[in-house]
S.K.: 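If you scroll down you'll find the structure; I have some questions about it.
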Amino acid sequence: MLKPIHSSELFPALATLLKTLKKSIHPLHVRPSLWLRLLSTHTLVMLIGIGAIALISNLCRVNLSDALVAAMVSATSVITISILVSTTISRPLQRMETAIHTFQAGDLAMRIPACSIPEIHRLGMSFNNLAASLEGVEQRRRELTSDLAHELRTPVTVIHGYLEMLNTGKIAFHPNIGSQMVQETDRIQRLVNNVLELSKLEAGYLPLQLQALQPFPILNRVATTFESECLKANCQLQLHYPSTLPTVFADPDRLTQILVNLVNNAITYSPNGIVTLRTWDNGAMLWIAVIDTGIGIAAQDLPHIFERFWRTDQSRALKIGSTGIGLAIAKRLIELQGGQIEVESELGKGSCFCFSMPLYL
């Protein structure tokens, strides 16, 4: 397996490559030691050429001086054209090298200017697209760091406060305090696990245990798991699927993880509402839908809903501890198992997330 290259290693490698290419093209950038070898080689070639011209002029009775003048004019023209061509190519490479050094220094807003040479222009545009992509990822990573710091601060503060008061004897231990501390610890663990999971998915290091399985026990177990959460949110969880479903080819743990993520989101955003689990198949795929009557998602937010580290304004306002990672993880897990996920939503009326798993045929 090839080792993935980090962006911090990519830009230095590109800069070195361009510097080598530029030096190989531009004669003025050749090292002095190479100039000596080139000079000796050119001198030898010139002497051989003059000897050949003298021999040809004697055989053909051509004036030697005229032949030498013609040879010198030709040589001068070739050298001039070579320098002009190499300079024309070297200048955009120089600008490209400067831009990449700027990228390497952390300024991803820098862009390589257009070039009249089509091949170099395409190369520059490729670098610009790479920089734009990395700039977007870097921005989302900064937001993630800020969000994680904010979300972790609350449970850590709660746990620290309880421990300090218990240690100083200001309060006596009560089961409610223990329950609250366990809840905040679970919240921290969930945040950390999501970040680690996404990191493994992006690096391609998350193995799947694909097998033939019946989805009904998994659906039933997930529904049972969220009974207490539904009571807290005053939310009804309805099940609309038969006890006998077609066999799917999937990873049972990852399928459970996908369902937990989607059902948890649906309950969180549907206080006093209804969440419905529904299934159907089309002969090749089993479709599972998680439908809620919650706050919904604005139309302009739907194209971004599965992006990493992205959250809607509504989710930020609710302060529920979401970091915008769960849906990105669910989408990637579904795609790795050969399925796809779709979403339909209307602001204020609810959402429907439905995904497919391939049938075991």
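Everything numeric in this text was worked out from a predicted model, so none of it was measured.
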S.K.: List the atom of Cys230, the atom of Leu237, and the distance in Å for their closest heavy-atom pair.
M.R.: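 Of all heavy-atom pairs spanning Cys230 and Leu237, the closest is SG-CB, 3.7 Å.
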S.K.: Does Gln238 reach the main-chain N or O of Ile274 with its side chain, forming a donor-acceptor pair under 3.5 Å?
M.R.: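 Between the backbone of Ile274 and the side chain of Gln238 there is no qualifying donor-acceptor contact (under 3.5 Å).
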S.K.: May I ask you to test the Asn265-Val290 pair for a side-chain heavy-atom distance under 4.5 Å?
M.R.: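 Contact flag for Asn265/Val290 side chains = no.
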S.K.: Please give me the minimum heavy-atom distance between Leu347 and Ala298, naming the atom from each residue.
M.R.: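 So the two residues come closest at CD1-N, 3.7 Å.
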S.K.: Determine, stepwise, if the pair Leu255 / Leu213 fulfils side-chain contact (heavy atoms from CB on, under 4.5 Å).
M.R.: CA-CA 10 Å; Leu255 178 57; Leu213 59 90; 4.1 Å; yes
S.K.: Count the heavy atoms belonging to other residues, nucleotides or ligands that lie under 6.0 Å from CD of Gln211, then report whether that count exceeds 12.
M.R.: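 Enclosed: over 12 neighbouring heavy atoms sit under 6.0 Å from CD of Gln211.
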S.K.: Distance-only, no hydrogens or angles: does the Thr168 side chain make a donor-acceptor pair with backbone N or O of Met165 under 3.5 Å?
M.R.: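 Judged by distance alone, yes, a pair lies under 3.5 Å.
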S.K.: If the plane angle is over 60° it's perpendicular, under 30° parallel, otherwise tilted; pick one for Tyr241 and Phe216.
M.R.: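 Ring orientation of Tyr241 relative to Phe216: perpendicular.
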S.K.: Rounded to the nearest 0.5 Å, how far apart are CD of Glu346 and SG of Cys352?
M.R.: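 Result: 13.0 Å between the selected atoms.
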S.K.: Please say yes or no: joined through hydrophobic side-chain contacts below 4.5 Å, possibly via intermediate residues, are Phe226 and Ile291 part of one cluster?
M.R.: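 Hydrophobic grouping puts Phe226 apart from Ile291.
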S.K.: If you measure from NZ on Lys232 to OG1 on Thr268, what distance do you get to the nearest 0.5 Å?
M.R.: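 Separation between the atoms: 11.0 Å.
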S.K.: At what distance, to the nearest 0.5 angstrom, does OG1 of Thr279 lie from CG of Leu245?
M.R.: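 It comes to 4.5 Å.
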S.K.: How close do Cys354 and Trp280 get, counting heavy atoms only, and between which atoms?
M.R.: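 Scanning both residues, the minimum pair turns out to be CB-CH2, 4.2 Å.
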S.K.: Considering non-hydrogen atoms only, spot the tightest contact between Thr256 and Pro252 and give its length.
M.R.: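 Closest approach of Thr256 to Pro252: OG1-O, 2.8 Å.
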S.K.: So do the side chains of Leu208 and Leu336 get within less than 4.5 Å of each other, counting heavy atoms only?
M.R.: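 Leu208 vs Leu336: side chains touch.
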S.K.: For His160, does the NE2 atom have more than 12 heavy-atom neighbours from other residues, nucleotides or ligands under 6.0 Å away?
M.R.: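 Not more than 12 within 6.0 Å, no.
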S.K.: Do you know which of Ile288, Val275, Leu327, Val222 makes side chain to side chain contact (heavy atoms under 4.5 Å, CB included) with Leu262?
M.R.: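 Exactly one candidate clears the test, Leu327.
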S.K.: So Asp251 and Gln337, side-chain contact (heavy atoms from CB on, under 4.5 Å) or not? Walk me through it.
M.R.: CA-CA 8 Å; Asp251 184 319; Gln337 296 179 81; 3.6 Å; yes
S.K.: Output the distance between atom OG (Ser356) and atom CD1 (Ile334), rounded to the nearest 0.5 Å.
M.R.: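 Rounded to the nearest 0.5 Å, the OG-CD1 separation comes to 7.5 Å.
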S.K.: Taking the side chain as every heavy atom from C-beta outward, state whether Leu239 and Leu219 have any atom pair closer than 4.5 Å.
M.R.: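 A side-chain contact is absent here, since even the closest heavy-atom pair is not under 4.5 Å.
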S.K.: Could you pull out the closest heavy-atom pair between Leu286 and Pro215, with the gap in Å?
M.R.: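 Here Leu286 and Pro215 meet closest at CD2-CG, 3.6 Å.
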S.K.: Considering non-hydrogen atoms only, spot the tightest contact between Leu166 and Ile171 and give its length.
M.R.: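 In terms of heavy atoms, the two residues are closest at CD2-O, 3.8 Å.
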S.K.: Tell me if a side-chain donor or acceptor on Asn261 pairs with a main-chain N or O of Gln257 at a distance below 3.5 Å.
M.R.: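 No; zero donor-acceptor contacts below 3.5 Å.
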S.K.: Give a yes or no answer on whether the side chain of Ser270 reaches the backbone of Ala266 with a donor-acceptor pair at less than 3.5 Å.
M.R.: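 Checking the backbone N and O of Ala266 against the side chain of Ser270, a donor-acceptor pair under 3.5 Å is found.
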S.K.: Is Ile267 close to Val263 at the side-chain level, that is, under 4.5 Å between some pair of heavy atoms?
M.R.: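 Of all side-chain heavy-atom pairs linking Ile267 with Val263, at least one is under 4.5 Å.
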S.K.: Quick one: CD on Glu342 to CH2 on Trp287, what's the gap to the nearest 0.5 Å?
M.R.: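 Rounded to the nearest 0.5 Å, the CD-CH2 separation comes to 4.0 Å.
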S.K.: Determine, using the 4.5 Å side-chain heavy-atom cutoff (strictly less than), whether Val182 and Val158 are members of one ILVMFWY cluster.
M.R.: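 Cluster IDs for Val182 and Val158 differ.
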S.K.: With a sphere of 6.0 Å drawn around OH of Tyr162, does it hold more than 12 non-hydrogen atoms of other residues, nucleotides or ligands?
M.R.: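 Count over threshold, so yes.
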S.K.: Is Met285 linked to Phe249 within one hydrophobic cluster, defined over Ile, Leu, Val, Met, Phe, Trp and Tyr using a side-chain heavy-atom separation of less than 4.5 Å?
M.R.: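 Met285 and Phe249: separate clusters.
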S.K.: Tell me if a side-chain donor or acceptor on Asp292 pairs with a main-chain N or O of Ser351 at a distance below 3.5 Å.
M.R.: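 Side chain of Asp292 to backbone of Ser351: a pair is present.
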S.K.: Can you tell me how far the CD atom of Glu335 sits from the CD atom of Gln340, to the nearest 0.5 Å?
M.R.: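 These two atoms lie 9.0 Å from each other.
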